[in-house]
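A note on names: the letters A, B, ... follow the listed sequences, proteins ahead of strands, and every chain is numbered from 1.
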Amino acid sequence: MPLPRSFYARSTLDVARDLLGKVLVHRVRGATTAGVIVEAEAYVGETDPACHAATGPTGRNRPMYGEPGHAYVYLNYGVHFLFNIVTEPAGHPCAVLIRALQPIDGLATMRRRRAAARGARGLPDHELCRGPGNLTRAMGITIRDNRADLCGDRLFLEDRGVPSGDVAWSPRIGITAGADRPWRCFLVGTPSVSGWHAGGRGGRGAQASRNLP
DNA sequence: CGTTCGATGCACT
DNA sequence: GTGCATCGAACGT
């Protein structure tokens with residue numbers, strides 16, 4: 001059962017944190033894939049220099065200005081689709097980037113898609129949806145899913161009561177502008193989480209906390 | 001281990 | 001024409 005739109009129509013940082021432990025489900029051509037969200041990043045409106053809305057409304061970022069609970073998907077580096085979830089009431093151009101999943105349904109489909117893309121074969125389960133570009137590939141999410149209503153029955157999120165572990169916040173990965181804002185959150189100790197972990201090498205300031213940054 | 005770098009498409013200036 | 005919210009192969013230490 002999809003999460004209600006009210007779930008998304010809240011503060012982006014709250015939604016990002018609450019998405020951890022929720023399950024992303026994609027049904028396409030009879031194949032279902034699903035995974036638990038273990039890592040996400042908040043992009044918070046026109047005043048956030050890393051947010052696509054920092055330049056004001058454009059053709060690309062238009063979905064962010066619309067109703068919450070919709071997908072914002074775009075092609076990045078000409079290679080990878082990145083999947084975002086639009087948050088906050090319409091008119092507030094905010095979204096949460098999903099960066100990693102713990103796969104739970106359709107592992108064989110995921111493995112086939114990853115292998116078809118780059119010939120990546122024999123991947124361990126925890127690498128199938130590790131990283132924002134990898135998870136869209138494994139889940140079969142493409143530009144066709146841009147603006148999809150996540151309150152429908154094709155691409156949606158649901159609460160399966162997965163026990164959520166400790167949450168940590170850190171700076172966002174792969175950006176330059178706005179790199180000082182600790183708006184990446186993840187479940188500590190989950191092998192599917194991309195990049196560096198709290199307390200991991202580099203010690204780049206991840207804070208273990210259930211609270212907001 | 002670590003860092004660099006090419007692939008590849010398109011939105012935006 | 002410039003610059004990416006990436007990935008992983010290839011190289012250096």
**Asked** B:dC10 P sits how many Å from A:Phe81 CZ, rounded?
**Response** 9 Å
Decide yes or no for [X] and [Y]: does some side-chain heavy atom of the first lie under 4.5 Å from some side-chain heavy atom of the second?
| X | Y | answer |
| --- | --- | --- |
| A:Val193 | A:Thr190 | yes |
| A:Val73 | A:Arg144 | no |
| A:Tyr72 | A:Val86 | yes |
| A:Asn84 | A:Val96 | no |

Measure all distances between protein nitrogen or oxygen atoms and nitrogen or oxygen atoms of nucleotides 3-7 of chain C, and list the pairs falling under 3.5 Å.
| residue | atom | partner | partner atom | Å |
| --- | --- | --- | --- | --- |
| C:dA5 | OP1 | A:His52 | NE2 | 3.2 |
| C:dA5 | N9 | A:Tyr74 | OH | 3.4 |
| C:dA5 | N7 | A:Ala50 | O | 3.2 |
| C:dA5 | N7 | A:His52 | NE2 | 3.3 |
| C:dA5 | N1 | A:Asn84 | OD1 | 2.3 |
| C:dA5 | N1 | A:Asn84 | ND2 | 3.3 |
| C:dT6 | OP2 | A:Gly174 | O | 3.2 |
| C:dT6 | O5' | A:Asn76 | ND2 | 3.4 |
| C:dT6 | O4' | A:Asn76 | ND2 | 3.1 |
| C:dT6 | O2 | A:His80 | NE2 | 3.1 |
| C:dC7 | OP1 | A:Pro132 | N | 3.2 |
| C:dC7 | OP1 | A:Gly133 | N | 3.0 |
| C:dC7 | OP1 | A:Asn134 | N | 3.3 |
| C:dC7 | O4' | A:His80 | NE2 | 3.2 |

**Asked** Pairs counted as Watson-Crick or G-U wobble with both distances under 3.5 Å: what dot-bracket string results for DNA chain C, using | for bases tied to another strand?
**Response** ||||.|||||||.
**Asked** Knowing that exactly one of A:Arg184, A:Arg172, A:Arg130 qualifies, which makes a salt bridge (Lys or Arg N to Asp or Glu O under 4.0 Å) with A:Glu39?
**Response** A:Arg184
**Request:** Starting at CZ of A:Phe7, measure out to CD1 of A:Ile85 and round the result to the nearest 0.5 Å.
**Result:** 8.0 Å
**Message:** Please determine whether residues A:Met64 and A:Ile98 belong to a single hydrophobic cluster, defined as Ile, Leu, Val, Met, Phe, Trp and Tyr linked transitively by side-chain heavy-atom distances below 4.5 Å.
**Reply:** no
**Message:** For the P atoms, the ones on B:dT13 and on C:dA5, what distance do you get once it is rounded to whole angstrom?
**Reply:** 13 Å
**Prompt:** Restricting to pairs with a member in residues 147-158 of chain A, which pass side-chain hydrogen bond (donor to acceptor under 3.5 Å, both in side chains), not counting sequence neighbours?
**Reply:** A:Arg5-A:Asp149, A:His26-A:Arg154, A:Asp145-A:Arg154, A:Glu158-A:Arg160
